[in-house]
2 protein chains.
Amino acid sequence: MESEPAQSANRAVTLRDVAKLAGVSIATASKALNNQPQVRAETRARVIRAAEQLSFSPNTLAQGLITQRSGTVGLLTSDLEGRFSIPILMGAEDAFGSDQTSVFLCDARGDAVREKHHLRALLSRRVDGLIVVGARPDARASLGRDLPVPVIYAYSPSADPDDLSLVTDNVGGGRLAVDHLIRHGRRRIAHITGDETYGAAQDRARGALERLGEEGLALAGEQVWFGSWSEAWGRGATRMVLQRTPDVDAIFAGSDEIARGVLDTLHQENLDVPGKVAVIGFDNWNILAANARPPLSTVDMNLEQLGRLAAQRLFAAIDGTLEGGVETVGCRLVIRESS
Amino acid sequence: MESEPAQSANRAVTLRDVAKLAGVSIATASKALNNQPQVRAETRARVIRAAEQLSFSPNTLAQGLITQRSGTVGLLTSDLEGRFSIPILMGAEDAFGSDQTSVFLCDARGDAVREKHHLRALLSRRVDGLIVVGARPDARASLGRDLPVPVIYAYSPSADPDDLSLVTDNVGGGRLAVDHLIRHGRRRIAHITGDETYGAAQDRARGALERLGEEGLALAGEQVWFGSWSEAWGRGATRMVLQRTPDVDAIFAGSDEIARGVLDTLHQENLDVPGKVAVIGFDNWNILAANARPPLSTVDMNLEQLGRLAAQRLFAAIDGTLEGGVETVGCRLVIRESS
DNA sequence: TTGTATGCGTTATCAA
DNA sequence: TTGATAACGCATACAA
């Protein structure tokens with residue numbers, strides 16, 4: 001009848017219970033479980049067995065109180081759809097190692113007061129650090145310099161240059177896209193992109209232009225088509241491009257959404273992709289890119305890597321001190337069938 | 001020179017500091033800050049002022065140690081893209097009230113051992129409860145009955161009927177879609193959907209069939225087109241539907257992805273939407289539905305509401321006790337221009 | 001090698 | 001109305 005351990009009602013089993021079961025003091029139990037050297041092998045084994053029997057799991061809150069470290073970080077986002085935050089979170093999660101550090105995900109929904117609330121709550125929970133992911137890849141307000149924990153801005157840089165920001169190399173991404181097109185023999189390349197008030201749109205265009213310039217080439221139609229980040233704009237702009245420069249042989253779209261619009265119009269005009277016109281997008285948003293007809297080549301921002309980097313920098317900053325500045329993460333090409 | 005408070009270096013300001021600054025004992029400071037009645041108004045004001053000056057924020061870990069409640073919950077997901085988890089998280093977040101309860105988001109990436117790890121970590125952090133979001137809307141393995149905290153399964157029900165599961169009313173969603181089509185005079189309705197091994201696909205189809213039956217109608221072509229959850233399948237299946245039943249006047253797609261494929265083929269065949277054929281999707285995945293040509297009518301699963309409900313049930317279960325079973329959350333129609 | 005005592009930051013129970 | 005003091009669960013310096 002002793003064969004049914006307290007397994008099923010394992011609420012609140014503490015080190016005290018383990019110690020009692022093992023017949024040692026709390027201190028000894030603690031040392032045994034934490035691999036401290038000053039404990040006899042046989043004793044340690046006994047303690048460990050007891051802990052397992054009770055399926056003991058140490059109370060991290062109590063540990064945190066002592067070590068002054070909660071083993072948690074906050075991920076403060078404003079990115080509604082989680083489209084950028086999620087890959088960043090996943091990268092961070094695996095850099096931290098899931099059982100070392102856990103992350104609180106808070107969505108401020110673009111609301112400054114909600115952000116303040118979340119910030120207070122996180123600080124109150126004694127997070128060891130913060131990762132801030134903005135809604136768009138442009139500078140956002142700093143959380144301030146007087147926070148008790150290190151803060152890393154990811155995706156959207158902080159407006160304060162003394163903060164550490166990790167951002168996508170959009171210029172490089174633009175180069176990458178155009179370089180790929182050029183290598184495949186395209187010469188009449190157009191660029192349709194989103195809102196011109198976005199730094200990312202400017203940067204991607206700049207990268208494209210630079211690479212084109214190196215080849216002695218200019219943009220087909222000699223302009224960048226700024227508009228909005230939507231399929232509808234991609235459709236409309238493509239129509240204009242075709243009218244203005246019917247000999248266009250490639251279109252670099254500033255986002256996968258736009259690229260979908262581009263494809264749509266190209267199909268309507270019976271222009272073969274990539275036979276007649278190659279198309280390349282930006283973001284590698286799988287649901288859009290992989291399912292396109294044909295599957296869309298695109299530029300991936302390596303957001304997971306960005307998340308990993310954020311975790312590493314944060315980790316380093318937690319004991320050391322944080323150096324401000326802007327670090328850049330390179331993009332990579334994902335070639336499918338549209339180019 | 002006293003005008004510069006310790007604001008900038010506010011690391012580790014404790015109740016002790018506040019008490020000292022206010023000239024009272026720690027106990028009194030605590031009572032004052034927690035609105036306990038037995039404290040003089042003037043004293044309370046003094047304490048509060050001191051707390052503000054030091055921008056004191058109580059250490060939640062310490063509070064949790066005493067109250068036996070961490071004020072945190074874990075959201076354990078397997079939903080890679082966060083497509084379902086995020087709305088659920090947002091709903092839960094706002095039901096909890098951001099400064100009362102914070103949520104740990106953990107992605108198990110469909111890996112059972114990773115899930116175990118996360119679970120251990122979460123338990124060790126003494127979360128007050130768990131919300132589990134599966135990867136697909138079918139039953140998933142239970143976490144077990146012997147956990148020290150209440151668990152709610154959202155989106156994917158638990159295989160154990162004694163657990164509490166909150167799921168989408170897929171049958172109702174199917175009815176809703178077809179009902180809408182019928183009300184707008186459609187009679188020759190086809191249904192193209194995803195993998196037939198998905199309960200959700202079966203349920204949506206069943207709802208559609210039921211509603212059709214009530215009207216004395218049958219499915220155009222007298223079959224449900226099961227396949228995969230992709231645009232490509234939507235395209236291919238539409239082609240078959242058109243061949244088999246050229247007089248089809250509406251297509252109910254089992255997901256927005258499929259619906260996008262349907263639209264694509266319809267355009268290729270020069271069939272006007274919704275003039276000739278109406279189309280309705282499922283999921284209300286904004287990026288796909290809102291940007292479609294024409295914008296796609298679709299069924300929304302009210303995932304945020306599901307998240308809110310999960311939070312409420314969890315909250316209730318934290319002090320009370322949890323009743324098992326399956327609760328269902330209704331869908332709603334989002335009418336755009338494709339129907 | 002083991003155990004006792006102290007403290008982490010709070011709250012709660014008493015006396016004063 | 002206020003202030004010692006004892007928890008909460010754990011880790012550690014120190015004593016045995």
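Values in this document were obtained by computation on a predicted structure and should not be read as measured data. Quick note on labels: first sequence line is chain A, next is B, and so on, each numbered from 1.
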field: Degree of bending, the helix from dT1(C)-dA16(D) to dA16(C)-dT1(D) (end axes from five pairs; round to 10°)
entry: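 Roughly 50° between the end axes, to the nearest 10°.
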
message: Taking Q36(A)'s backbone N and O only, do any of them form a donor-acceptor pair with N34(A)'s side chain (distance below 3.5 Å, no angle check)?
response: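 Side chain of N34(A) to backbone of Q36(A): no pair is present.
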
- prompt: Does the Y153(A) side chain pair with the main chain of L143(A), one donor and one acceptor, at a distance under 3.5 Å?
  reply: yes

Criterion salt bridge (Lys or Arg N to Asp or Glu O under 4.0 Å) on D111(B) and R109(B), from CA distance to verdict: CA-CA 5 Å; D111(B) 179 358; R109(B) 291 164 218 197; over 6 Å; no

Separation of atom [atom1] in [X] from atom [atom2] in [N], rounded to whole Å:
X: L65(A); N: dT11(C); atom1: CG; atom2: C1'; value: 13 Å
X: R126(A); N: dT10(C); atom1: CZ; atom2: C1'; value: 11 Å
X: E42(A); N: dT2(C); atom1: CD; atom2: C1'; value: 13 Å
X: R46(B); N: dT2(D); atom1: CZ; atom2: P; value: 8 Å
X: N59(A); N: dG9(C); atom1: CG; atom2: P; value: 16 Å
X: N35(B); N: dT11(C); atom1: CG; atom2: P; value: 12 Å
X: L61(B); N: dG9(C); atom1: CG; atom2: P; value: 11 Å

If a pair satisfies salt bridge (Lys or Arg N to Asp or Glu O under 4.0 Å) and one of its residues is in [range], list it, with sequence neighbours excluded.
range: residues 22-35 of chain A; answer: none
range: residues 69-79 of chain A; answer: R69(A)-D319(A)
range: residues 15-25 of chain B; answer: none

Think [X] has a side-chain N or O under 4.0 angstrom from the OP1 or OP2 of [N]?
X: S25(A); N: dG3(C); value: yes
X: R16(B); N: dG9(C); value: no
X: T43(A); N: dT2(C); value: yes

Polar side chain donor-acceptor pair, T72(B) to R125(B), under 3.5 angstrom: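 No, because no side-chain N or O of T72(B) sits under 3.5 Å from a partner of the opposite role on R125(B).
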
task: May I ask you to check whether S158(A) and S165(A) show a side-chain donor-acceptor distance below 3.5 Å?
output: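 There is no such pair between these side chains.
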
- prompt: With nearest nucleotides of DNA chain D determined for A62(B) and G23(B) from heavy-atom distances, which residue corresponds to the more 5′ nucleotide?
  reply: G23(B)

List the atom pairs, donor and acceptor, that lie under 3.5 Å between side-chain atoms in residues 302-310 of chain A and the rest of the protein, sequence neighbours left out.
residue	atom	partner	partner atom	Å
N302(A)	OD1	R332(A)	NH1	2.9
N302(A)	ND2	G330(A)	O	2.9

- line: With sugar-phosphate taken as primed atoms, P, OP1 and OP2 and all else as base, the protein-contact string of nucleotides 11-16 of chain D at under 4.0 Å (heavy atoms; B, S, -) is BB----

